[in-house]
Every structure is written in structure tokens, then in C-alpha cells.
Amino acid sequence: MFDTLGALFLSLLLKKIGICNENSQLNIAKILLKHLLQINMNSIQIIDQKITDITKLENGEYSYRIKLNEESVGIGLYKCMSLVNHSCYNVTKSLFNGSELCLVSNCSFQNGDEITYNYGPHFKQAKKDERQQYLSDLYYFQCQCKACDQNWC
Ligand SMILES: *[C@@H]1O[C@H](CO)[C@@H](O)[C@H](O)[C@H]1NC(C)=O
Ligand SMILES: *[C@@H]1O[C@H](CO)[C@@H](O)[C@H](O)[C@H]1NC(C)=O
Ligand SMILES: *[C@@H]1O[C@H](CO)[C@@H](O)[C@H](O)[C@H]1NC(C)=O
Ligand SMILES: *[C@@H]1O[C@H](CO)[C@@H](O)[C@H](O)[C@H]1NC(C)=O
Ligand SMILES: [Zn+2]
């Protein structure tokens with residue numbers, strides 16, 4: 001609702017300053033609405049942290065240090081990250097190096113395994129119905145992750 005009004009308002013401004021006209025205004029508003037919705041769904045908070053001292057260990061894994069202020073410095077849209085589905089348990093963790101986003105994990109993956117990311121509600125911190133409500137209100141889907149399917153909590 002707010003996004004629709006926002007898109008219409010922005011398209012009116014664009015008409016006012018002569019970037020679009022009466023005929024194209026509605027199409028421009030549709031494109032703006034699509035982008036506003038994509039930003040809502042997919043934007044990620046950029047945290048002020050820095051990855052340093054990356055070392056390859058003998059077992060082939062990597063160790064690293066994170067210099068962390070834990071301060072949100074803005075939001076960003078990441079094309080690859082936007083493909084990653086949610087799960088109510090931690091498989092991966094996001095790390096920022098400036099505005100560059102890395103998704104790291106302790107798990108080993110087989111070819112074809114799905115890589116997921118926790119969008120907020122974690123099974124250790126929230127009950128299944130609370131998580132499902134949150135995800136459905138904010139992201140419009142019903143979570144069917146392992147934690148929800150198998151009623152971990
Ligand atoms: C995310 O979940 C949807 C719905 O279950 C599925 O169609 C899609 O392939 C999944 N995406 C990835 C990258 O696994
Ligand atoms: C982090 O960014 C710096 C430059 O800002 C770069 O030199 C360094 O290689 C990056 N580290 C990683 C892990 O990508
Ligand atoms: C990996 O394991 C370490 C130590 O148990 C933990 O501190 C870290 O948060 C884990 N990372 C992920 C992405 O699960
Ligand atoms: C798991 O994800 C939650 C929610 O994003 C986060 O608060 C928590 O620190 C994460 N735990 C680990 C071990 O990465
Ligand atoms: Zn779930």
C-alpha cells in the first residue's frame with residue numbers, strides 16, 4: 001500500500017520535472033513499484049566490519065579475524081544473496097568487508113545442496129508459530145525448513 005503510493009508519488013515528481021509524461025507515467029510508476037518491493041524484500045543491512053588475517057589452514061579450511069563495530073552503516077542490494085532462501089537455523093553467516101558481502105559457513109556442502117541464510121527468527125530464540133508469523137508478515141512465505149518441518153522447537 002505505502003509502496004504503491006510511494007511509486008505514484010515518485011512518478012508524479014518525475015512528470016513534474018519533465019522526465020516522463022502523462023502517457024508514460026503509469027508505466028514508470030509500475031517499474032518504481034517493482035523496485036521498491038524488491039528493495040523491501042531483498043535489502044541487507046551493511047554492518048561496519050572488516051575481515052583480516054585470512055589464513056589457509058592445513059585441512060584446507062580458512063581462518064580469519066573480523067574487526068567489528070556492529071554498527072549498521074546502510075542497506076545494500078546483493079543479486080546473488082537475493083537468491084538465498086531462509087532457514088530457521090544457522091547454516092551461513094554474512095560478513096562484510098566494506099560494502100562487499102561474503103557468506104561463510106562451517107558446514108560442508110555436497111553438489112546440489114541448498115545453501116540457506118537466517119533472515120532473523122532463529123529456532124533457539126523464537127517458537128515455530130512466532131517464526132512462521134514473522135516470516136509470513138514480512139516476507140510472505142511459509143517456512144518449510146528442517147527446524148519447522150521437524151518441530152525442533
Ligand atoms: C528457494 O525456495 C524456492 C521455494 O521453495 C525454490 O523454488 C527455490 O529454488 C529456492 N532457491 C534456491 C536458490 O535454492
Ligand atoms: C577487504 O577489502 C580490502 C580493500 O578494502 C581488500 O584489500 C581485502 O582483500 C578485502 N578482503 C577480503 C577478504 O575480501
Ligand atoms: C562456526 O563455528 C564457530 C565455533 O563453534 C562459531 O563461533 C561460528 O559462529 C560458526 N559459524 C557459523 C556460520 O555457523
Ligand atoms: C545465528 O543467526 C542469528 C540470527 O541471524 C544470529 O543472531 C546468531 O548470532 C547466529 N549464530 C551463529 C552461531 O552464527
Ligand atoms: Zn523454519
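Just follow the structure's listing: the first ligand is 1, and inside any ligand the first atom is 1.
Between W152 and F123, the angle of the ring planes goes over 60°, which puts this pair in the perpendicular group of the 30/60° scheme. Between F141 and Y119, the ring-plane angle classifies as perpendicular under the 30° and 60° cut-offs.
Every atom of ligand 2 is numbered from 1 in the order shown, and the set under 4.0 Å from a heavy atom of I54 is 13 (C). Residue-ligand proximity, E100 to ligand 2, at heavy-atom distances under 4.0 Å covers atoms 14 (O).
Given atom 14 (O) of ligand 1, the protein heavy atom at minimum distance is E114 OE2, 3.2 Å. With hydrogens left out, the protein atom closest to atom 13 (C) of ligand 1 is L83 O, 3.3 Å, a heavy atom. Residue, atom and distance of the protein heavy atom nearest to atom 5 (O) of ligand 1 are N85 ND2, 4.8 Å. Protein heavy atom nearest atom 11 (N) of ligand 2, with residue, atom name and distance: N97 ND2, 2.7 Å.
In this structure, the side chain of N90 does not engage the main chain of T92 through any donor-acceptor pair within 3.5 Å. No donor-acceptor pair closer than 3.5 Å links the side chain of R131 to the backbone N or O of P121.
Inspection of the Q133 and D137 side chains reveals an N or O donor paired with an N or O acceptor under 3.5 Å.
Tested against Y78, the residues L103, N42, L101 include a single side-chain contact (heavy atoms from CB on, under 4.5 Å) partner, L101.
Shown here, atom 9 (O) of ligand 2 is out of close reach of the protein: none of its heavy atoms lies under 4.0 Å off.
With the Zn ion (ligand 5) as the vertex, SG of C143 and SG of C88 span 110° to the nearest 10°.
Among the atoms of H86, no N, O or S atom falls under 2.8 Å of the Zn ion (ligand 5).
With contacts defined as side-chain heavy-atom distances shorter than 4.5 Å, the pair I44/I75 does not qualify.
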